[in-house]
Each structure stands twice: as C-alpha cells, then as structure tokens.
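The block underneath contains the structure these notes are about, expressed in structure tokens.
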2 protein chains.
Amino acid sequence: MTKKKKAPTSWDVARLAGVSRSTVSFVLNNTPGIKISEETRRRVLEAVKILDYKPNAIARSLAKQKTEAIAFFVLDIANPVFPNMARGIEDVARHNGYTLLLCNTDGKSLRELRYMNLMLERRVDGVIVGALSNEEVSRLARKKNMPLVILEHPRLHEHDVVYADNIQGSYEAVKYLIELGHTRIAHITINPESIIVRERIEGYKKALEDAKIPFDENLLKIFYDQVNEETAINELFSLPNPPTAIFAFSDFMAIQIMKILIKRGIRIPQDISIVGFDDTLANLTIPELTTVSQPFYEMGVKAAEVLIERLKNPDLPIQHIKLPTKLVIRDSTAPRK
Amino acid sequence: MTKKKKAPTSWDVARLAGVSRSTVSFVLNNTPGIKISEETRRRVLEAVKILDYKPNAIARSLAKQKTEAIAFFVLDIANPVFPNMARGIEDVARHNGYTLLLCNTDGKSLRELRYMNLMLERRVDGVIVGALSNEEVSRLARKKNMPLVILEHPRLHEHDVVYADNIQGSYEAVKYLIELGHTRIAHITINPESIIVRERIEGYKKALEDAKIPFDENLLKIFYDQVNEETAINELFSLPNPPTAIFAFSDFMAIQIMKILIKRGIRIPQDISIVGFDDTLANLTIPELTTVSQPFYEMGVKAAEVLIERLKNPDLPIQHIKLPTKLVIRDSTAPRK
DNA sequence: TTGTACGCGTTATCAA
DNA sequence: TTGATAACGCGTACAA
C-alpha cells in the first residue's frame with residue numbers, strides 16, 4: 001500500500017536543475033578548484049531543496065573508498081567502565097564527521113574475530129578496541145592494514161595504544177594506606193590473565209616494597225574463577241594478624257566487600273579502610289569510597305583522536321599514550337587505630 | 001612507505017579461479033535456484049582463501065539497496081539507564097546480521113535532527129530512538145519512510161513504540177509504602193516536561209487516591225531546573241507533619257537523598273523508608289534500595305525485534321508494546337513506626 | 001551451469 | 001565553467 005517512492009538521486013537533481021550530474025556534485029561538495037556560476041549554483045540548490053535530496057553516503061563511500069565510519073569493540077557496554085569511553089569516542093568521532101559502530105564482544109575472542117571480519121567487510125576506516133582478547137584480531141588488522149587503536153597497556157602488537165597508568169594508580173592507593181599507618185594491607189583481585197590485573201598487583205607490591213613492608217602472600221587474594229568476596233573476607237579475618245585495610249580490584253568489588261563488612265558490624269573506615277579502583281560507582285556508596293580514578297572519558301577521546309590522526313596520516317610513527325590515574329580520597333579510609 | 005595493496009575484489013577471485021564474476025557471487029551467496037558444480041565451487045572457495053578475499057559490504061549495500069545497519073539514538077550512553085538497552089539492541093541486531101550505529105544525542109534536539117539526517121544519508125535500514133526530543137525527527141522518518149522505533153510512552157507519532165509501564169511501577173511502589181502503614185509519602189522528582197516524569201507522578205497520585213489518602217501538594221517536590229535534594233529534604237522536614245517515606249524519581253536521586261539523611265543521623269529504613277526507580281544502582285547501596293525495576297535490556301531487545309520485523313514486513317500494523325515494571329523490595333523500606 | 005551486461009549513486013578525470 | 005564518461009565492487013536478469 002505504501003508508496004515506494006525511492007529517494008531522489010543526484011541525477012534527479014541534475015535534471016530538475018537542468019545541469020549535469022557532475023555539476024551537482026561540484027556544487028554540493030564545494031569541490032575545490034572548481035568555479036560554478038552563481039546562477040547555476042542557485043538552481044542546483046533549489047532543486048536540492050525541492051526534492052529534499054540527501055546524497056547517498058553508500059555510493060559516496062564506494063566512490064571515495066572510505067566510509068567515514070569507525071568501530072568501537074567493547075567488552076560489555078553495560079559494564080560501567082565502558083560507557084564513558086564510548087562517550088568520549090563518540091564525541092570526537094562526531095566532531096570529525098565520523099560515525100560510530102558499536103560492537104559488543106563480551107570478551108569472547110571468537111565474537112571479536114567475527115566482528116573484525118565484519119568491519120573489514122564493511123570497510124570501516126578504523127577500529128578502536130577496548131581490551132583485546134584475541135591476538136588474531138591484531139594480526140588481521142595489520143595484515144589488512146586496518147588502523148587499530150587499543151585501549152590497553154601496550155604488549156607486543158604494533159598498534160597505537162592509549163592506556164591508563166594502572167601501576168601508578170595502584171601504587172599510590174597502597175602508598176596512601178601506608179601513610180595512614182596501615183601495614184597489613186590486603187589486595188583482593190580477579191584472574192590475572194588480564195594485564196591490568198597484573199599491573200595492579202605490581203603497583204601493590206611495589207608500594208609495600210618501597211615502604212619496606214614485607215609482602216605477605218596471605219594478604220593477596222586472587223580469584224581465578226568466580227570471585228567470592230565472602231570467602232576472601234573469611235580467610236583474611238582468620239589470619240593471626242588480619243588486615244586493617246583492603247585494596248580491591250574494582251569499585252564494584254569494594255562495594256561487595258563493604259556490604260559484607262557492614263553486615264558483620266565492622267565499621268568503615270573506623271575499623272577497616274577500603275579502597276576501590278575505577279571511580280565509576282565510588283561516589284554512590286555510604287560512606288563514599290576512596291578509589292583510584294581512571295580517566296575513561298579522556299581515554300575514549302584520546303583513542304579516537306589518535307585513530308583519526310592516523311587516518312589522515314598513515315605514516316605517523318606508532319603512539320603509546322599513557323594517561324594518569326588519580327587517587328580520589330573520600331570517606332572509606334582512615335588512619336590505622 | 002607502506003605498500004598500498006588494495007583489497008582483492010570478486011574480479012580477482014574470478015580470474016584466479018578461472019570463472020566469471022557472477023559465478024563467484026553465486027558461490028559466495030549460495031544464491032538460491034542456482035546450481036554450481038562441486039569442482040567450480042571448490043576452485044572459487046580456494047581462490048577466496050588464497051586471496052583472503054572479503055566481499056565489500058559497501059558495494060553490496062549499493063547494489064542491494066540496503067545496508068543491514070540500524071542506528072540507536074541514545075540520550076547519553078554514560079547514563080546508567082541506557083547501556084543495558086544498548087546491549088539488548090546489539091544482541092538482537094548481531095543475531096540478525098545487523099550492525100549497530102551509536103548516536104549520542106545528549107537530549108539536544110538539534111543534534112538529534114542532525115543525526116537523523118546523517119542516518120538518512122547513510123541509508124541505515126532503520127532507527128531506534130531512546131527518548132525523542134524532537135518531533136521533527138519523527139516527521140522526517142515518516143516522510144522518508146525510514147522505520148523508526150521509539151522507546152517511550154506512545155504520544156502522537158505513528159511509529160512502533162516499546163515502553164515500560166511507568167504508571168504501574170510508580171503506583172505499586174507507593175501502594176507498597178501505604179501497605180507498610182505510611183500515609184505521609186513524599187515524591188521528589190525532576191522537570192515534568194518529560195512524559196515519564198508525569199507518568200510517575202500520576203501513578204503516585206493514583207495510589208494515594210485509591211487508598212483514600214488525600215494528596216498533599218507539600219509532599220510533591222518538583223525541581224524544574226537544577227535538582228537539589230538538600231532543599232527538598234529541608235522543606236519536607238520543616239512541615240508540621242513530615243513524611244515517613246520518600247519515593248524518588250530515580251535510584252540516583254534516592255541515593256543522594258539517602259546520603260543526606262544518613263549524614264543527619266536519620267536511619268534508613270527505621271526512621272524513614274526510601275524507594276527509588278530504575279534498578280540500575282539500587283543493589284549497590286547500603287542498605288540496598290527498594291526500587292521499581294525497569295526492564296532495560298528487554299526493552300532494547302524488543303525494540304530491535306520490532307524494528308527488524310518491520311524491515312521484513314513494512315506493511316505490518318503499528319505496534320505499541322508495553323513492558324511491565326516490577327517492584328523490587330530490598331532493605332530501604334520498613335513498616336511505619 | 002556459466003557468462004554478459006547493466007544498475008546501484010557517487011566521485012574523478014578529461015574534454016569541450 | 002560545464003558535461004560526458006569511466007571508475008568504485010557487487011548483484012542479478014537474461015542469454016547462452
């Protein structure tokens with residue numbers, strides 16, 4: 001029933017304006033080095049208005065051999081760590097005339113690979129990947145020379161990288177606890193297959209070392225599979241010399257820990273200090289959480305900027321950009337009693 | 001310096017396999033009704049493998065007149081209300097072979113309009129919009145007959161709509177508080193220019209009415225500009241008959257309120273009950289927040305499903321799908337003392 | 001079963 | 001200053 005009126009083409013515009021298709025193109029793109037008489041230009045623009053003509057970006061992409069689109073591979077857009085990154089990327093992309101494609105990978109390397117192939121088919125101009133789980137994706141990008149920016153600590157891959165200084169962040173958090181007088185500081189974390197996990201452990205150990213506090217492996221709780229804060233707390237508190245401060249891998253984990261502690265009548269920060277990481281949820285808790293703030297938005301912005309720079313100039317040397325993290329002191333930490 | 005090796009085309013494959021271009025296309029697309037000899041097929045596939053050929057989706061889109069891409073207009077991807085929607089949309093899109101374009105509008109109607117025009121140029125197959133701020137966008141979609149699904153209570157527009165039952169959610173929350181014995185129930189909310197705000201007020205009033213509790217306008221705090229929970233609390237508590245329960249517009253607002261109350265030594269839920277809305281942050285607080293849970297993920301899923309259905313069958317009658325909200329009772333509510 | 005030729009809507013290169 | 005005309009890479013009707 002619906003009238004299948006097809007969208008007008010530049011040909012329709014040309015005919016209505018009584019000029020050739022190329023002239024239409026010249027007018028609409030203000031093609032440099034080409035002069036169009038005022039009268040012709042007026043006629044073309046009027047025809048455009050009358051027909052409500054919108055150039056077909058697909059055809060343009062085919063002709064120009066670029067799509068002005070970039071893709072963002074995100075582990076999980078519903079994880080509070082990523083939305084601000086996405087925002088940063090989108091802001092920069094939009095300002096530069098690029099469209100953003102969102103690819104949720106769920107950290108599954110197969111899906112990541114599939115998406116990479118899809119983006120290769122779609123001929124996006126470049127890809128930003130949140131956390132790379134599949135080295136094959138990196139190789140593919142290189143092989144097909146698809147510009148790729150990785151939001152993660154640089155490893156082997158020869159790609160542009162933007163990352164937050166996890167080691168420093170972790171170091172400062174623990175150093176701060178030490179300055180508060182704590183010497184028994186626990187670190188509860190997840191599977192260290194991810195590099196950021198290892199980095200935070202590294203910062204933790206280094207801060208202890210610099211303060212000449214011997215590392216006690218009983219205070220480092222690593223959950224290789226399912227994280228269980230309850231278990232960790234139980235084990236830590238059954239030590240002969242339990243911790244007076246806990247440094248958690250993330251805000252989310254810190255909050256779970258806080259809940260357990262409060263349920264047991266342990267007061268924060270009077271009885272124990274808690275520090276999180278990310279600063280995504282830290283200002284929502286009561287007491288508000290001391291945490292290491294990651295510059296997620298800026299990371300997104302920087303990643304998009306680096307990518308777009310590279311699109312303009314493919315021969316640029318590879319960049320590794322480290323963004324600082326910052327300790328944000330709130331109410332979940334206090335001097336050791 | 002970098003070798004500008006261009007991506008192989010179907011022509012390259014055809015030449016290597018010693019067949020015609022159409023044969024390549026037939027093999028790769030398994031074109032129905034066309035039989036290809038095993039030998040030919042093998043040769044083609046081998047050539048594809050050797051060249052690592054990836055079909056150019058842009059060219060395909062141009063030829064087939066569809067892009068297999070949909071766009072999601074989101075108010076603010078960093079607002080915890082939206083990521084789960086985005087996930088739902090992405091999941092469904094991916095399963096159906098569609099790619100998702102993310103358009104952050106910041107609720108600015110101009111940007112929304114610009115993005116609509118851009119998506120029209122890009123010839124996406126359809127658009128899902130989180131909350132429509134610009135009626136012009138709706139008109140444009142209609143005019144250009146671009147399928148549009150709106151995630152919001154149906155208003156005038158003749159488009160498919162998927163929305164959560166805000167009135168019911170609000171009603172149940174207040175009803176629950178009444179059942180707990182509360183009669184002085186405050187509602188703190190934002191500018192009612194948005195329809196969901198008005199709906200929640202409506203549900204609030206209706207629950208009071210059904211319980212024969214007279215509506216007291218002193219208990220309804222509306223912030224037209226900047227929300228200031230502190231002011232609201234001050235005013236409410238200086239009433240001769242202050243509230244014993246507060247129903248907040250959102251989880252976020254509820255949390256701000258909780259912080260203020262706790263700071264003043266008021267205990268939750270012993271001294272006052274608090275209810276939020278959204279269920280995005282409600283399980284992070286201490287005590288955990290009783291709230292009205294919105295099915296964000298399902299809304300995204302449903303919206304994408306409706307859109308894709310319509311793409312398959314444009315003549316389908318318009319759908320208005322209402323999804324239920326659900327009261328989730330946690331620890332921030334208790335019987336009135 | 002395979003090949004030819006045209007269409008998709010632009011941009012770009014030459015002539016005029 | 002403008003107009004033909006050839007890419008761009010693929011799908012597909014039609015012919016062989």
Side-chain angles (χ1 to χ4, degrees), chain A residues 4-45 47-48 51-69 120-125 144, chain B residues 4-45 47-48 51-68 118 120-125 144:
Chain A
K4 277 267 169 191
K5 46 179 170 190
K6 309 186 47 158
T9 74
S10 68
W11 205 87
D12 297 322
V13 175
R15 192 167 31 182
L16 183 59
V19 298
S20 77
R21 285 196 353 269
S22 5
T23 305
V24 174
S25 176
F26 293 149
V27 170
L28 260 43
N29 298 321
N30 270 318
T31 315
I34 297 232
K35 301 242 174 288
I36 302 279
S37 71
E38 262 321 301
E39 167 59 12
T40 313
R41 152 170 275 112
R42 201 192 52 69
R43 286 224 312 280
V44 169
L45 291 178
V48 165
L51 295 173
D52 195 16
Y53 165 75
K54 305 224 183 293
N56 183 327
I58 300 297
R60 182 207 254 97
S61 293
L62 186 60
K64 299 194 36 161
Q65 294 291 76
K66 52 176 162 174
T67 51
E68 318 232 286
L120 249 15
E121 293 190 0
R122 295 219 165 227
R123 303 294 196 266
V124 295
D125 293 338
K144 295 291 188 180
Chain B
K4 278 266 168 190
K5 46 179 171 191
K6 310 186 49 158
T9 73
S10 66
W11 205 87
D12 297 323
V13 175
R15 191 167 36 181
L16 183 60
V19 299
S20 78
R21 241 167 29 70
S22 23
T23 305
V24 173
S25 176
F26 293 149
V27 171
L28 261 42
N29 297 322
N30 271 317
T31 312
I34 297 230
K35 302 244 173 285
I36 303 280
S37 71
E38 262 322 302
E39 167 60 11
T40 313
R41 154 170 272 110
R42 202 191 51 70
R43 286 222 312 281
V44 169
L45 291 178
V48 165
L51 294 173
D52 195 15
Y53 165 74
K54 306 226 183 293
N56 182 327
I58 298 297
R60 175 194 276 127
S61 293
L62 187 59
K64 300 198 29 165
Q65 293 290 79
K66 51 177 163 171
T67 52
E68 318 233 285
L118 185 58
L120 249 16
E121 292 191 0
R122 295 220 164 226
R123 304 293 197 265
V124 296
D125 293 339
K144 295 290 187 181

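Residue numbering restarts at 1 for every chain, and letters A, B, ... go by the order of the sequence lines. Side chains are part of it too, since the values below use all heavy atoms of this structure and drop only hydrogens, waters and symmetry mates.
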Which residues satisfy the side-chain contact (heavy atoms from CB on, under 4.5 Å) test with A/Ser25, sequence neighbours excluded?
-> A/Asn29
Closest heavy-atom contact between A/Arg123 and B/Pro55?
-> NH1-O, 3.5 Å
A/Lys54 atom NZ: more than 12 heavy-atom contacts under 6.0 Å | yes
Would you give a per-nucleotide map of nucleotides 4-10 of chain C, 5' to 3', where B means the base has a protein non-hydrogen atom under 4.0 Å away, S means only the sugar-phosphate does, and - means neither?
-> BBBBBBB
Taking A/Lys144 for its side chain and B/Asp52 for its backbone only, find out whether a donor-acceptor pair lies under 3.5 Å.
-> yes
Please test B/Asn56 against B/Thr9 for side-chain contact (heavy atoms from CB on, under 4.5 Å), starting from the C-alpha separation and ending with a verdict.
-> CA-CA 8 Å; B/Asn56 182 327; B/Thr9 73; over 6 Å; no
With sugar-phosphate meaning primed atoms plus P, OP1 and OP2, does B/Val24 contact a base, only sugar-phosphate, or nothing at under 4.0 Å between heavy atoms?
-> nothing
Full working for side-chain contact (heavy atoms from CB on, under 4.5 Å) between A/Val19 and A/Arg41 | CA-CA 10 Å; A/Val19 298; A/Arg41 152 170 275 112; over 6 Å; no
Looking only at heavy atoms, what is the nearest atom pair of B/Val44 and B/Val24, with distance?
-> CG1-CA, 4.2 Å
Separation between OG (A/Ser10) and CZ (A/Arg21), nearest 0.5 Å, reads 5.0 Å
For B/Arg15, enumerate each residue passing the salt bridge (Lys or Arg N to Asp or Glu O under 4.0 Å) test, keeping only those at least two apart in sequence or located in another chain.
-> B/Asp12
When you list every nucleotide of DNA chain D with an atom under 4.0 Å from a heavy atom of chain B, which one comes first 5' to 3', and which comes last?
-> D/dG9 to D/dT12
Contact nearer the 5' end of DNA chain C, comparing A/Thr31 with B/Gly33 | B/Gly33
Between the two ends of the helix from C/dT1-D/dA16 to C/dA16-D/dT1, what is the bend in degrees, rounded to 10 degrees, where each end axis spans five pairs?
-> 40°
Residue set satisfying salt bridge (Lys or Arg N to Asp or Glu O under 4.0 Å) with B/Glu39, at least two apart, ordered chain then number -> B/Arg42, B/Arg43
